Amino acid sequence: MNAIKTFYKKLFSEKIRINNRKNLKKLNGLFLKGNNFYCNCCEQSFSKFLDKSNGIDNRENAECPNCGSLERTRVLLEFIKNETDLLAKPNKLLHIAPEDALKNIFKQTDNLGYINADININLADEEMDITSINYPDNTFDYVICCHVLGHIPDEKKAIDELFRVLKKRGKALIQTPIHPINNTFENSEFKTEEERLKNYGEKDLLRLHGQDFQERLKRENMLIKKIDYRNKVDHNLAKKLSVGNGYRELIFLCQKV
């Protein structure tokens, strides 16, 4: 099996392998047609969503088989549509580590000046290190950065950069896994994927954020608000969207003043 995987990696580029995985998941959608679940990102309905496992816990009905949206993605889109002018007015948006489901929507929004970037060029249109964003101060009306900061060695510098490129009154929408009780936990001695998976819940996390995350985001010129938008979504729609349990879906609205 390892030999087959090695040959496959040599035969196909990372970008092609990523697209192959996406297309294979889409095939599942052909067998899951129904009305129990609805994805607001691709506007398709299914009898169920795909389950998602990180090796520790298994989330039922987590991933849209068509566009790959997760619980947090669908909650964030509801917030964007109902509580912001991001899609309604001319805005400039920086999207870090872009989710495909949202990227497709943003690219089709005519009045949006849209930049998406990732440290891996195979995952975005621009290659960019979040700790050194190659845009001037006060460039963007919105920044979206979801489930990224837990993976960055220099978290403080990354946050400073996200806020630096925001215009005055600009807004950053940030998501990260949040422990429901404890404060942020990190230990530099956890070097292996097994240690990080056991202690943080994901094999490539460098820390597990907790109840102090809002405080970690605070800066002199920023207003920070924690929002559990799952509770604002109509109950029946929330069930169809499969909005998660709040561990991954909290939105931190950060506005520059």
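Keep in mind the model is a prediction, meaning the values are calculated, not measured.
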Can you tell me how far apart NE2 (H209) and CG (N182) are? Round to the nearest 0.5 Å.
14.0 Å
Say whether, by atom type as modelled, one donor and one acceptor occur between the side chain of K256 and the main chain of L166 under 3.5 angstrom.
yes
Starting from L253, can I reach V143 by hopping between I/L/V/M/F/W/Y residues whose side chains sit under 4.5 Å apart?
no
Rounded to the nearest 0.5 angstrom, the NZ-SG distance for K240 and C39 is 12.5 Å
Rounded to the nearest 0.5 Å, how far does CG of L94 lie from OG1 of T139?
9.0 Å
Identify whether NZ of Lys or CZ of Arg in R74 sits under 6.0 Å from the centre of the six-membered ring of F49 and within 45° of that ring's axis.
yes
Greater than 12 external heavy atoms within 6.0 Å of N35's CG:
no
Are C42 and C64 packed together at the side-chain level, in the sense that at least one heavy-atom pair is separated by less than 4.5 angstrom?
yes
I'd like to know if L149 and I224 are part of one continuous hydrophobic network [Ile/Leu/Val/Met/Phe/Trp/Tyr, side-chain heavy atoms within less than 4.5 Å].
yes
What pair of heavy atoms forms the shortest contact from G150 to T176, and how long is it?
N-OG1, 4.3 Å
Under the criterion side chain to side chain contact (heavy atoms under 4.5 Å, CB included), I'd like the reasoning laid out for L173 against F79: C-alpha separation, chi angles, the key distance, then a yes or no.
CA-CA 10 Å; L173 306 178; F79 178 81; 3.8 Å; yes
Same apolar cluster: L70 and I105, side chain cutoff 4.5 Å:
no
Does a donor on one side chain sit under 3.5 Å from an acceptor on the other, for T184 and D212?
yes
S45 vs F37 side-chain heavy atoms within contact, under 4.5 Å
no
Got R59 and R248 here, is their nearest side-chain heavy-atom distance under 4.5 Å?
yes
Please lay out, stage by stage, how D125 and K107 fare under the test salt bridge (charged side-chain N to carboxylate O under 4.0 Å, His left out).
CA-CA 11 Å; D125 293 340; K107 282 191 169 185; 2.9 Å; yes
Taking side chain as C-beta onward, heavy atoms only, is L32 less than 4.5 Å from L50?
yes
Are the aromatic ring centres of H95 and F106 under 6.0 angstrom apart?
yes
Drop me the distance from I115's CD1 to I96's CD1, to the nearest 0.5 angstrom.
10.5 Å
If we ignore angles and hydrogens, is there a donor and acceptor under 3.5 Å between the side chains of N91 and Y114?
no
Are the side chain of R216 and the backbone of E155 linked by a donor-acceptor contact shorter than 3.5 Å?
no
Measuring from L87:CG to L77:CG, what's the distance to the nearest 0.5 Å?
7.0 Å
K203 NZ: over 12 foreign heavy atoms closer than 6.0 Å:
no
Hey, would you say the Y38 and F46 ring centroids sit under 6.0 Å apart?
no
Residue pair K156 / E161, side-chain heavy-atom distance below 4.5 Å:
no
Evaluate the side-chain proximity of F190 to L206: yes if any heavy-atom separation is below 4.5 Å, no if none is.
no
Hey, does the side chain of E195 reach the backbone of T192 with a donor-acceptor pair shorter than 3.5 angstrom?
yes
Using the rule that two of Ile, Leu, Val, Met, Phe, Trp, Tyr join whenever any of their side-chain heavy atoms come within less than 4.5 Å, decide whether F252 and Y229 are in one cluster.
no
Start with the C-alpha gap between K92 and D141, add the side-chain angles, then the distance that decides, and say whether salt bridge (charged side-chain N to carboxylate O under 4.0 Å, His left out) holds.
CA-CA 5 Å; K92 194 163 185 179; D141 301 285; over 6 Å; no
Taking all heavy atoms of D154 and all of K157, pick out the closest pair and write down the distance.
OD1-N, 3.2 Å
Taking the side chain as everything from C-beta on, heavy atoms only, tell me whether C146 gets closer than 4.5 Å to R72.
yes
Checking the side chain of T73 only, and the main-chain atoms of S69 only, is there a donor and an acceptor separated by less than 3.5 Å?
no
Using 30° and 60° as the class limits, which term best fits the ring planes of Y135 and F140: parallel, tilted or perpendicular?
perpendicular
Do L102 and V148 sit in the same hydrophobic cluster, where Ile, Leu, Val, Met, Phe, Trp and Tyr count as joined when their side-chain heavy atoms come under 4.5 Å apart?
no
Measure the spacing between CG of N199 and CZ of R207 and express it to the nearest 0.5 Å.
14.0 Å
Looking at every heavy atom in both E60 and S242, which two are closest together, and how far apart are they?
O-OG, 4.2 Å
Over 12 non-hydrogen atoms of neighbours within 6.0 angstrom of NZ in K218:
no
I want to check something: taking the side chain as every heavy atom from C-beta on, are R230 and E78 in contact at a cut-off of under 4.5 Å?
no
Between Q44 and K33: side-chain donor-acceptor atoms closer than 3.5 Å
yes
Nearest non-hydrogen partners of L217 and I174, listed with the distance
CD2-CD1, 4.0 Å
Which atom pair, heavy atoms only, marks the closest approach of N61 to D51?
N-OD1, 3.0 Å
Can you see whether D118 engages N120 through a side-chain donor-acceptor pair at a distance of less than 3.5 angstrom?
no
Under 3.5 Å, side chain of T84 to main-chain N/O of L86, donor-acceptor pair present?
yes
Report the C-alpha distance between V243 and E71 in whole Å, list the side-chain angles of each, state the deciding distance to 0.1 Å, and finish with yes or no for side chain to side chain contact (heavy atoms under 4.5 Å, CB included).
CA-CA 5 Å; V243 295; E71 307 98 324; 5.6 Å; no
Heavy-atom closest pair (Q175 atom, L250 atom, distance to 0.1 Å) is CG-O, 3.2 Å
Heavy-atom count around K232 NZ within 6.0 Å, excluding the residue itself: above 12?
no
Counting distance only, does the side-chain N/O of E249 pair as donor-acceptor with the main-chain N or O of G246 below 3.5 Å?
yes
